[in-house]
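Notes follow the structure.
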Amino acid sequence: MINFNQPHLTGKEAHYMYEAVYAGKLSGNGTFTKRCQSRFEERYGFRKTLLTTSGTDALEMCAMLCDLHPGDEVIVPSYTFVSTALAFLREGAKVVFADSMTRNPNIDAETLEALITPRTRVIVPVHYAGVACDMNAIMALAQKYNLLVVEDAAQAIDSYYKPSTTSSHNGGERFAPSGENPRKGAMKPLGSIGHLAAFSFHETKNITAGGEGGLLVVNDERFIRRAEIIWEKGTNRAEFFRGEVNKYGWVDMGSSFLPSEVNAAFLWAQLENLDEIQAKRKALWNTYYERLSNTLARFAPSGENPRKEAFTLPDIPSYATNNAHMFYLVLPSLDSRTALIKYLKDNGVAAVFHYLSLHSSEFYQSRHDGRALPQCDRYADCLVRLPLFYDLKIEDVHHICDLIDTYYQSVC
Ligand SMILES: *Cc1c(COP(=O)(O)O)cnc(C)c1O
């Protein structure tokens, strides 16, 4: 059986965890935590980062920092993981669901202005599959209506957005990605564009902090002080230890969002190997893309009715890069997707569907205003994810593509 996902070990994790354990300080905000945070800040130009126990926690911190009041509205995509909406709902906000684009599952920036009301406070773009949303359009709307932007960059580590000439509020352009096509020019790391951003280091993401973990990014200076306080249960401990205040107390809301040093040590091993991890994932992704493009070319020679398409391949807009977080296909119908997943399963390959749109879920249905979100429904019914993880072999990808190729030769 080829699994859908398998967590990857670089080999240094146990070593660094051992080091953390015997250093005699296991609680959060120690040496490994600081090392990871500095690496993220230096590599991607994030203004301030704080490791968290999960991506969900990082989103909850973002929601707390937005300082929402009852009746405030937050625009989120419906085709997303539940935490994108839940973090804001917990703060008493009303979530307003937006549809996805036709070309890919990201939030459709063109539909957003119609959703903005005098109560709208925040837009939360999710970079699905690590592929950038149309951030210039979203940041322009935020500026026009004085809204905050929180990037759910859970899947988007080491991925970039290529801005046009209008610059955003921070200097992300300075940070050229390693190993990307130089012709793409100045690019902004995802997570560096919104006022705030959240990453996840869950074991299903490109790098993991030992199963669970996350990162809060603060790009807007105004939120730094309060972020540190909320991170440490509402105390001003960080300022106290820096000698900026002469006593420490309980000054705000907060929770315990710090991961242990053991998790940070695990993450450090992965972070040291990030370039190698990304190179391997991209090689696997590119193999899928090339092989399945060939399958498509044979199945639907150009000029034929595109409605008869077997599937569509992942879409990477010209303003986005690919961090090889996920390889997915979009099939023409629920039935065709179910049939392909079954065929792959019968042949020893675990392929899976992804989100059930939030607006039609049991819990969020009654909180939704009833608008139809046809693209979200389509991705919920028709998207299938193929295995993609570091230890997958190129031969495995060829084997999976052979199966898909055979399948489409037999069904058409
Ligand atoms: C994984 C994920 C999260 C949640 O991250 P956890 O670390 O599992 O809490 C949130 N949003 C999106 C889009 C994700 O993919």
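Order of listing sets the numbers, starting from 1, for every ligand and every atom in it. What's counted below: heavy atoms across the whole structure, side chains too, no hydrogens, waters or symmetry copies.
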Which is it for Y160 and Y44 under the side chain to side chain contact (heavy atoms under 4.5 Å, CB included) test, yes or no, and what are the steps along the way? CA-CA 10 Å; Y160 294 79; Y44 299 115; 3.4 Å; yes
Distance filter under 4.0 Å to V126 heavy atoms, resulting ligand 1 atoms: 13 (C)
What's the shortest distance from atom 12 (C) of ligand 1 to any protein heavy atom, and which residue and atom give it? A154 CB, 3.4 Å
Proximal atoms of ligand 1 relative to S54 (non-hydrogen, under 4.0 Å): 7 (O), 9 (O)
Strictly by modelled atom types, are S357 and S360 linked by a side-chain donor-acceptor pair under 3.5 Å? no
Side chain to side chain contact (heavy atoms under 4.5 Å, CB included) assessment of D405 paired with N294: CA-CA 9 Å; D405 207 63; N294 292 338; 6.0 Å; no
At a 4.0 Å threshold, what atoms of ligand 1 neighbour a non-hydrogen atom of Y355? 13 (C), 15 (O)
With salt bridge (Lys or Arg N to Asp or Glu O under 4.0 Å) as the test, would you mind laying out the steps for D391 and K280 before giving the verdict? CA-CA 9 Å; D391 294 297; K280 174 73 190 289; 5.8 Å; no
Take every heavy atom of Y79, measure it against each atom of ligand 1, and state whether any distance is under 4.0 Å. no
Consider every N or O of T56 and every N or O of ligand 1, then say whether any pair is closer than 3.5 Å. yes
Can you confirm whether more than 12 heavy atoms, excluding those of Y364, are under 6.0 Å from its OH atom? yes
Is I107 close to I138 at the side-chain level, that is, under 4.5 Å between some pair of heavy atoms? yes
Suppose we measure from atom 11 (N) of ligand 1 to each protein heavy atom; which comes out shortest, and what is that distance? D152 OD2, 2.8 Å
Whether K205 lies under 4.0 Å from ligand 1, heavy atom: yes
Nitrogen or oxygen of H202 less than 3.5 angstrom from that of ligand 1: no
Return the orientation label for the Y79 and Y355 ring planes: parallel under 30°, perpendicular over 60°, tilted otherwise. perpendicular
Give the residue and atom name of whichever protein heavy atom lies nearest to atom 3 (C) of ligand 1, and the separation in Å to one decimal. F81 CD2, 3.6 Å
May I ask which of G213, G55, G130 has a heavy atom nearer to atom 6 (P) of ligand 1 than the others do? G55
One pair to check against ring pair (Phe, Tyr, Trp, His ring centres under 6.0 Å): Y16 and F266. What are the steps and the verdict? CA-CA 7 Å; Y16 289 137; F266 194 110; over 10 Å; no
Pairs of nitrogen or oxygen atoms closer than 3.5 Å, one from Q155 and one from ligand 1: do any exist? yes
